J.: 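I'd like to ask you about the structure that follows.
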2 protein chains.
Amino acid sequence: MQIIYKIMKNDSDTTITGRITRALADRIISGDIGPGTKLRQDHFAEEFGASHVPVREAFRRLEAQGLVVSEPRRGVRVASFDIAEVREVAEMRASLEVLALRHAAPHLTSAILDKAEAINRAGENAPDVRAWEEANKAFHRIILEPCNMPRLMATIDDLHAASARFLFSGFRMEWESPTDQDHRAILRALHEHQFDVAAATLARHVKWIGTKTGAKRHMRAPS
Amino acid sequence: MQIIYKIMKNDSDTTITGRITRALADRIISGDIGPGTKLRQDHFAEEFGASHVPVREAFRRLEAQGLVVSEPRRGVRVASFDIAEVREVAEMRASLEVLALRHAAPHLTSAILDKAEAINRAGENAPDVRAWEEANKAFHRIILEPCNMPRLMATIDDLHAASARFLFSGFRMEWESPTDQDHRAILRALHEHQFDVAAATLARHVKWIGTKTGAKRHMRAPS
DNA sequence: AAGATAAAAATTATCTATAAAATCGGAAAG
DNA sequence: CTTTCCGATTTTATAGATAATTTTTATCTT
């Protein structure tokens with residue numbers, strides 16, 4: 001089980017299935033392929049110069065990640081989502097990231113915290129949402145990783161991917177300032193070994209992302 | 001996304017991939033196929049009277065569930081696990097089940113609680129671990145389901161499957177009495193609308209399962 | 001006999017081709 | 001205008017073949 005994440009990474013450089021999985025996940029998360037879009041296996045087989053077999057395997061992985069929905073004998077389409085699900089993912093992230101932080105806290109060195117601060121600064125200067133999200137993900141990951149719980153981290157990663165989808169597609173809130181301020185508050189608390197404060201701030205911070213949604217209430221295929 | 005669980009169920013009756021996935025998951029969870037065992041695609045293709053393609057798709061699903069580990073070009077084997085992971089899963093379950101219970105609480109009717117009590121009684125009279133685990137799963141599910149958060153429930157289900165693996169294979173603790181007592185305490189608290197008490201008891205209860213491990217410290221292939 | 005190297009066998013991962021099942025769109029009938 | 005039916009498209013699933021890689025076996029050297 002410890003190898004899940006490593007596999008997910010090595011795999012995408014080694015096997016065709018891995019490459020396709022990563023490419024499709026990227027497009028779905030970035031909103032390049034919108035919710036409800038039908039994914040035709042032969043289309044992607046041709047695009048990636050592969051047969052339909054690895055494409056289908058990639059579909060199964062994306063299905064497990066919650067990025068696509070597969071209906072038996074009716075093919076695969078990009079998962080739709082609504083505000084209820086945005087909130088659901090936010091709550092799950094809050095719970096699990098607090099758990100991770102509790103276990104990571106004893107192993108957090110000031111070197112790590114410094115690196116986190118640097119990443120946060122990079123986020124503040126991000127030119128676009130995409131770059132900001134990248135920094136945001138990195139920030140959360142670097143302070144949680146020391147929990148040494150690979151399965152937990154894998155689940156958090158999946159949830160983060162879902163969050164990123166919401167961020168990129170329609171649910172765009174004003175990113176930046178309030179979040180980065182939260183990040184600073186978390187770092188401050190960690191520096192002073194006030195772990196409960198850090199955890200509480202993290203929970204509020206993650207849930208806020210779920211609450212502060214923008215215009216559209218539902219992302220679905222233009223059926 | 002709402003459809004994930006439904007799919008997982010309908011699928012296993014509809015498509016060959018689904019049937020194979022369910023069958024293999026059952027065997028792995030029950031310990032019928034031990035940790036570290038190599039899973040040969042042609043073998044299962046023959047056993048299920050199918051080709052290797054649906055078998056490979058099933059492998060990808062099981063991989064995402066954390067039941068098998070796949071190394072590129074070296075095949076798939078049943079995931080090993082150690083005490084650290086048992087604890088990890090228990091902590092994740094505790095966090096997420098508490099979250100689910102918080103959201104389910106307002107929708108819990110006394111009819112549901114009565115049914116939960118009946119299930120608990122069935123668990124007490126269970127003839128073997130298998131039957132007891134079935135009742136245990138049902139108990140947790142019936143009081144959490146009303147949270148109306150499908151993704152959360154799907155994740156909890158996966159964690160529960162992992163827990164069941166530990167229970168069945170080597171990590172056998174004395175099942176029964178203390179757990180069923182906890183269940184009763186949870187029901188009592190819910191009846192009296194003391195949701196915080198119920199949540200705290202649930203958390204302690206789930207974590208206890210992770211702590212109270214039996215003899216073996218590590219389940220791995222006899223390498 | 002032990003260890004190292006090379007040949008052989010087994011296994012995975014993939015492709016091509018094809019059959020069967022199901023859906024979707026549109027045409028025909030009421 | 002609605003319903004029904006048929007054909008085209010799409011998807012699921014199988015079979016057989018091939019390339020690459022891993023594992024095993026066998027041989028050779030020291």
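Predicted model only: the values in this text are computed from it and were never measured. Within every chain, numbering begins at 1; the chains are lettered A, B, ... in the order of the sequence lines, protein sequences first and strands thereafter.
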J.: Less than 4.0 angstrom from a charged side-chain N to a carboxylate O is my criterion; do A:E63 and B:R60 meet it?
T.: no
J.: Between D:dT10 atom P and A:R77 atom CZ, what is the distance in whole Å?
T.: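 From A:R77 CZ to D:dT10 P: 14 Å.
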J.: Look at the side chain of B:D82 and the backbone N and O of B:E85, then say whether any donor-acceptor pair between them is shorter than 3.5 Å.
T.: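 The answer is yes, because a donor-acceptor pair under 3.5 Å joins these two groups.
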J.: Going by ring-ring contact (aromatic ring centres under 6.0 Å, His included), name the residues that satisfy it together with B:F59, two or more places apart in sequence or in a different chain.
T.: none
J.: Hey, does the side chain of B:S30 reach the backbone of B:D26 with a donor-acceptor pair shorter than 3.5 angstrom?
T.: yes
J.: For A:R27, does the CZ atom have more than 12 heavy-atom neighbours from other residues, nucleotides or ligands under 6.0 Å away?
T.: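 Check passes, neighbour count above 12.
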J.: Find the distance B:E57:CD to D:dT14:C1' and express it as a whole number of Å.
T.: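 Whole-Å distance recorded here is 12 Å.
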J.: Grab the CZ-P distance between B:R56 and D:dT12 for me, whole Å please.
T.: 17 Å
J.: Heavy atom of residues 47-55 of chain B under 4.0 Å from DNA chain C: which residues?
T.: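 When residues 47-55 of chain B is checked for heavy atoms under 4.0 Å from DNA chain C, the hits, listed by number, are B:H52.
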J.: First and last nucleotide of DNA chain C touching chain A, 5' to 3', heavy-atom cut-off 4.0 Å?
T.: C:dT14 to C:dC24
J.: Taking only residues two or more places apart in sequence or in another chain, which ones pass side-chain contact (heavy atoms from CB on, under 4.5 Å) with A:R40?
T.: A:K38, A:H43
J.: Listed by chain and number, what are the side-chain contact (heavy atoms from CB on, under 4.5 Å) partners of A:K115, not counting sequence neighbours?
T.: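 Applying side-chain contact (heavy atoms from CB on, under 4.5 Å) to A:K115 gives A:I142.
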J.: How close do B:L152 and B:C147 get, counting heavy atoms only, and between which atoms?
T.: CD2-SG, 4.4 Å
J.: Report the residue from A:T15, A:T17, A:T21 that forms a side-chain contact (heavy atoms from CB on, under 4.5 Å) with A:P54.
T.: A:T17
J.: Rounded to whole Å, please give me the gap between CG in A:D42 and C1' in D:dT12.
T.: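 Result: 11 Å.
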J.: Can you tell me how far P of D:dT12 sits from CZ of A:R40, to the nearest Å?
T.: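 About 12 Å, once rounded to whole Å.
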J.: What is the distance, rounded to the nearest whole Å, between atom CG of A:L39 and atom P of D:dT11?
T.: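 So the two atoms are 9 Å apart, to the nearest Å.
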J.: Could you run down the sub-3.5 Å N/O contacts of the protein with nucleotides 22-24 of chain D?
T.:
{"residue": "D:dT23", "atom": "OP1", "partner": "B:R74", "partner atom": "NE", "Å": "2.9"}
{"residue": "D:dT23", "atom": "OP1", "partner": "B:R74", "partner atom": "NH2", "Å": "2.5"}

J.: Is the shortest side-chain N to carboxylate O distance from B:D157 to B:K137 below 4.0 Å?
T.: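 No, this pair does not count.
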J.: Does A:S95 use its side chain to pair, donor to acceptor, with the backbone of A:M92 at less than 3.5 Å?
T.: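 No, A:S95 side chain to A:M92 backbone: no donor-acceptor pair under 3.5 Å.
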